[in-house]
Every structure is written in structure tokens, then in C-alpha cells.
2 protein chains.
Amino acid sequence: MIRCTECALRRTGAFKPLDEEDILYIDAMKRAHLALPAGAEIIVPGAENTELYTLYSGWAYRYKELPDGRRQILHFLLPGDLIGLQAAMSEVPLYGVIALTPVSICVLPRKRIWNLFGTMPELAFDVTWLGAREESHVDENLTTVGRRAAAERIAALLVGLYRRLLGLGLVSEGNSFALPLTQQHIADALGLSLVHTNKTMARLRRLGFYSQSDGMVTLPNPHALESLSQFDALDDRLRPLI
Amino acid sequence: MIRCTECALRRTGAFKPLDEEDILYIDAMKRAHLALPAGAEIIVPGAENTELYTLYSGWAYRYKELPDGRRQILHFLLPGDLIGLQAAMSEVPLYGVIALTPVSICVLPRKRIWNLFGTMPELAFDVTWLGAREESHVDENLTTVGRRAAAERIAALLVGLYRRLLGLGLVSEGNSFALPLTQQHIADALGLSLVHTNKTMARLRRLGFYSQSDGMVTLPNPHALESLSQFDALDDRLRPLI
DNA sequence: CGCGGCCTTGAAGTGATTCAACTTGGGTGG
DNA sequence: CCACCCAAGTTGAATCACTTCAAGGCCGCG
């Protein structure tokens, strides 16, 4: 099990530095470090006693499903994101979380979250902060789905992921990054049909907005995508990591 | 100014009972009690130093706007809801909040929120809980906009509001309640055009799913609307009130 | 009386969905 | 080792839900 004192994520510089004391507290709170394969269900809708997790590496997504099977992806999760805060607060999660790639996650038993509030107010504040930030992401996604046209939606998705990955050091030379999403995932996140997603993406590629090969996406001109999508970026100041 | 010890909202029975001590703490934290007219901007996008509020009476909505003017309503706010938690956590709000009716709100200076975390862990937990609950509402709205057809969206909106108002004691005999929304608000919340919203609502009325007169909406059969919309209700256990 | 906000309705246009078929590539089992 | 299979991507065609444009009605208010 990886100790929080040796957390590779912290060393990316994307996160707010913490006192040694705080890190040790988080380390004590951490119960396990799990590795799960792609497709694993990290949070199951309706399941009781869900734990809180921090995504350490890999991608995941949070989704809701209607009784008749229609699915909406609410949010993509990247390293450093909390998983299951809502579920840990209320009794039962109304959503699910599934790993998109092989992931590794830190397990923070929900009961200890309560202790955190009692003894480490600054860390408790950070948890709330992360929850608020996640809500901002959902806000932006709702705006995308509600008010942007198909091409703008895809542009907004690509730019949003690009910016988040940039902060994590996961974008390489020439603005390219690994994108482990199928077109079905993209369609489900953007409220589009699979076919229309495919055709719209093909058009954006033809127009040179992005290119794709071998699971990697390249954005030759992120600014062009950004203005196409009218994307509203979150401030990228340092954020806490629990 | 209304003292928290005499809070009429608490007496509705919709909220988690608190110790006298906690109520006095909140009362001390409260800086003012404002009355604002319909249309007032409670949170202005991009404004610095926004405070945290609790909506005491009336309706409001939270929204985002694209640079070109398209608007998405993210969430409707009803009495007891926190206003501006996200804004209070990060520096600058990425969204706005506007009063739909005349409202009265309790002002909780953001600096004192930090004290709350230091001295009143249980209340701090409640704040986080309320933030998580709000995110659940946005999740549901995203699912509505992304994956439901127009008639389903309207049904989901009506049922969602109905259930929330029911808990607050704001639904009267025969399942009717005041709905201070124009069709433009509904269109902006559901990601539809005004014209299509109008036609779809007319159809639902013709089919007897709801009726409207004098600013009041009546749901003769909430269950029918609920199954039309496949609405995913939040648990309606007691929630905290700060 | 006239104006503006809100609701309503018809008609035309289009962006997105649905249906259907075919390609490609990696993985598996005979 | 090849045949087959299945998941994922692609493409064309028909249809439909929703948007846009346009016009008119109702009502409260200055």
C-alpha cells in the first residue's frame, strides 16, 4: 500500500501543499489502496455503506441511469478527484461510478470522515471545497448539454479534459493526451446519439480541430476549440488533495 | 431582523432539529436578514467576495450564461436552500443567482464559515451535506436535459418541484402549488426552445397531466407524471438548515 | 390609449435520431 | 494458424423532434 507521505500525485505540483501533520492524518485515515480493472464498478447505485475514495491513477466516470436504460454520464473523474462524496453524505448513492481504465484508488472509510470534521477542520474544509468544485464541473456539463450544439459540445468536452489533464502533467508535447473514451461514452456524456456523435467528430477532425490515433488525441490549436465551444474554465489554482 | 431562535422555517418540520446551542451559534453568525424584490441579483457571476446565504422565503434560480447570451438554468432554489456555497468556497462564482419572487435571505459572512469549521464540526458537516444534496439536484437536471424527451422533461420538472414543495408544506389541497416560473424560465432550465416548451406544456395540459390557473399549478395525479418522467426522487429525510 | 411582457399558434427548416449495413482490428477457440 | 466473433467505428438514407421565423392575442400598467 502506498503511503500518503510518498504520494506521487502530490509531487505533480497540481495540489495544495499540506503540513506533514495533515498528510500523516490522511495516511492514518486511509484504509487501503485498491487496484481495479477497467469496467469495475466503484460505486453501485443504491448500494448501502459506500466508502469515500480518492482516485489515485486512471480515469472513471460518474453516471445516472433511467429505469428504461438510458444513461447520462455526469462527469469524468481524473486523478486527485474524490469519488463518492455525495454517496458518503447521504445514505445511498443515486449514481454509479465505473472505471474507464485500470485505476488505483485510496479508500477512506466514511466513518472516519466524520472524525475528520471533528479534529481536522482545515481538511474538512478541503473536502467541502472539492465537493463544490465537482458541482462546478456538473454545472458546466449541464450548460453544455442544455445550450450548446453538437460540435460545440464535443469541443467543450475536449477542451475541458485537456485543461484538467494539463494541470496534472498528463499532456505531452504537441498538446496530445490519452483519451480512453469510446464514442458511446462521449455520446452519453453529451446527450447525443452515437451516430450523430460519430459524424460530428468526423467533421471536427476534417476541419482540423483535433486528430486522433492510437488512443491519443492531439489538439493542434486548443484556443480554436475553446472559442468554438465558449468554454468556461474553472480557475486552475492549486486544489486540495485528500 | 428575524432571530434564528424564532425561525419559521424550522417549525415546518422539514428540517433536522438542532440543539439550542447550535441555533444560537448560527444566530450569532448571521449578519443580516435581507428582503429583495423579484428579479434581484443575489449572486453576480464573477463578482468578488460573495457572501453565503440561506433562502428564507421565496424562490430563486441559479444559472450560467454563455458569452453569446444563451442561458442555462441549473437549479431552482426553495426555502431552506443554501445560496452561494460554491461561490463562498472558490474565489469567484462562475454562476449567478436571481430571485424569482420577492425573497428574504439570511446573510452568513463567508469569513465566519471558516470559523464554523473550526468550532462547530457538526454544523460544518451539515454545510457539506447541503452542498452534496444540491449537487444531486444538478445531477438529476443534467440527466433530464441529456436523456429525456421534451414532455418527460416538463414532467420531471413539475414532479421535482412538487416533491420539494410538499416537504416544505407549500402544497395545498388537491396537489396544487404556486409556480412563479415563466415558460422562458422552464425552457432555459430544460434546454428547450420557448416555442417547443409552450407546445409541449399545452399538450400535457390537454392530456390532463396538470392544469394551471392564476399562477397555481395543480397535479391531479402526481404519480402519472412521475412515471411519465421516470423521475429519480431524492430521499426526503430531514435535512439540515443553517 | 399604447406599450411591453407573456402566452399561443402556424408553417417552414434543420439538426439530430433511428434504422440499417458495412469495415476494421484484436482476441479466442477450434 | 486460421476462422470466427464481437466491440468499436463509419456511412447513407429516411424520419422526426425540436428550432426558428412570424404573427397575433391577452392583460396589466404607465
Side-chain angles (χ1 to χ4, degrees), chain A residues 37-39 59 61 66 68-73 98-101 144-158 178-207 210-217 228-229, chain B residues 37-39 61 66 68-73 98-101 144-157 178-207 210-217 228-229:
Chain A
W59 290 47
Y61 64 91
L66 298 184
D68 68 7
R70 285 176 281 179
R71 183 178 71 157
Q72 176 67 41
I73 291 180
I98 291 184
L100 270 167
T101 65
T144 293
V145 171
R147 285 293 175 231
R148 285 189 244 250
E152 297 169 337
R153 294 187 206 187
I154 287 164
L157 178 68
L158 289 175
L179 186 78
L181 307 178
T182 66
Q183 293 184 347
Q184 184 67 65
H185 291 123
I186 295 175
D188 285 346
L190 300 180
L192 296 170
S193 70
L194 175 60
V195 172
H196 196 57
T197 300
N198 178 291
K199 288 177 179 169
T200 307
M201 290 181 74
R203 185 155 51 87
L204 286 180
R205 263 180 271 129
R206 233 178 299 119
L207 295 172
Y210 80 100
S211 62
Q212 201 168 12
S213 79
D214 223 14
M216 300 291 288
V217 157
L228 170 63
S229 67
Chain B
Y61 64 92
L66 297 184
D68 68 6
R70 284 176 280 179
R71 183 176 72 158
Q72 176 66 41
I73 291 181
I98 291 185
L100 271 167
T101 65
T144 293
V145 171
R147 285 294 176 229
R148 286 190 244 248
E152 296 169 338
R153 295 186 205 186
I154 288 164
L157 177 67
L179 187 77
L181 307 178
T182 66
Q183 292 184 348
Q184 185 67 64
H185 291 123
I186 295 175
D188 285 346
L190 299 180
L192 296 170
S193 70
L194 175 61
V195 173
H196 196 58
T197 301
N198 178 290
K199 288 176 180 170
T200 307
M201 289 180 75
R203 184 156 51 86
L204 286 181
R205 263 180 271 129
R206 232 178 299 118
L207 294 173
Y210 80 100
S211 61
Q212 201 167 13
S213 80
D214 223 12
M216 300 291 288
V217 157
L228 170 62
S229 67

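From a predicted model like this one, the values you see are computed outputs, not experimental measurements. No hydrogens, no waters, no symmetry mates; every other heavy atom, side chains included, goes into these values. Per chain, numbering begins at 1; letters A, B, ... match sequence-line order.
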Angle by which the axis turns from one end of the helix from dC1(C)-dG30(D) to dG30(C)-dC1(D) to the other, five pairs per end, to 10 degrees | 30°
Taking the side chain as C-beta and beyond, is there a heavy-atom pair between L204(A) and L228(A) under 4.5 Å?
-> yes
Is there a side-chain polar atom (N or O) of N198(B) under 4.0 Å from OP1 or OP2 of dC7(C)?
-> no
Mind checking whether L157(B) and T144(B) have side chains closer than 4.5 Å, heavy atoms only?
-> no
Do the side chain of R147(B) and the main chain of L192(A) share a donor and acceptor less than 3.5 angstrom apart?
-> yes
Atom CZ of R203(A) to atom C1' of dT14(C): distance rounded to whole Å?
->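 Spelled out: CZ on R203(A) to C1' on dT14(C) is 12 Å.
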Provide the closest heavy-atom pair for S229(B) versus A156(B) in the form atom of the first, atom of the second, distance.
-> CB-N, 3.4 Å
Under the side chain to side chain donor-acceptor pair (under 3.5 Å) test, residues paired with Q184(B) that sit two or more places apart =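 Only D188(B) meet the side chain to side chain donor-acceptor pair (under 3.5 Å) criterion with Q184(B).
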Quick one: how far along DNA chain D does chain A reach, first to last nucleotide 5' to 3', anything under 4.0 Å to a heavy atom?
->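 The footprint of chain A covers dA8(D) to dA13(D).
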Nucleotide-resolved protein contact map, nucleotides 17-24 of chain C, B/S/- at heavy-atom distance under 4.0 Å | BBB-----
Pairwise distance CG(L190(A)) to CD(Q72(A)) - rounded to 0.5 angstrom | 8.0 Å
Who passes side chain to side chain contact (heavy atoms under 4.5 Å, CB included) against L100(B), sequence neighbours left out?
->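 Testing L100(B) for side chain to side chain contact (heavy atoms under 4.5 Å, CB included), a comparison that skips the adjacent residues, returns W59(B), Y61(B), F76(B), L181(B), H185(B).
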Sugar-phosphate only, base, or nothing, as touched by R153(A) at under 4.0 Å among non-hydrogen atoms = nothing
Does R70(A) have any salt bridge (Lys or Arg N to Asp or Glu O under 4.0 Å) partners at least two apart in sequence or in another chain, and if so, which?
->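 If we apply the salt bridge (Lys or Arg N to Asp or Glu O under 4.0 Å) test to R70(A), skipping adjacent residues, the hits are D68(A), E152(B).
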List in chain and number order the residues that pass side chain to side chain donor-acceptor pair (under 3.5 Å) with R205(B), two or more places apart in sequence or in another chain; answer none if no residue qualifies.
->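 Partners of R205(B) under the side chain to side chain donor-acceptor pair (under 3.5 Å) test: Y210(B).
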N/O donor to acceptor pairs below 3.5 angstrom from side-chain atoms of residues 194-201 of chain A, sequence neighbours left out:
from    : atom 1 : to      : atom 2 : distance (Å)
T197(A) : OG1    : S193(A) : O      : 2.7
N198(A) : ND2    : Q183(A) : OE1    : 2.8
T200(A) : OG1    : H196(A) : O      : 2.7

dG15(C) P sits how many Å from R148(A) CZ, rounded?
-> 18 Å
When the distance from CE of M201(B) to P of dT9(C) is rounded to whole Å, what number comes out?
-> 13 Å
Just jot down the salt bridge (Lys or Arg N to Asp or Glu O under 4.0 Å) partners of R148(A), sequence neighbours excluded, or say none.
-> E140(A)
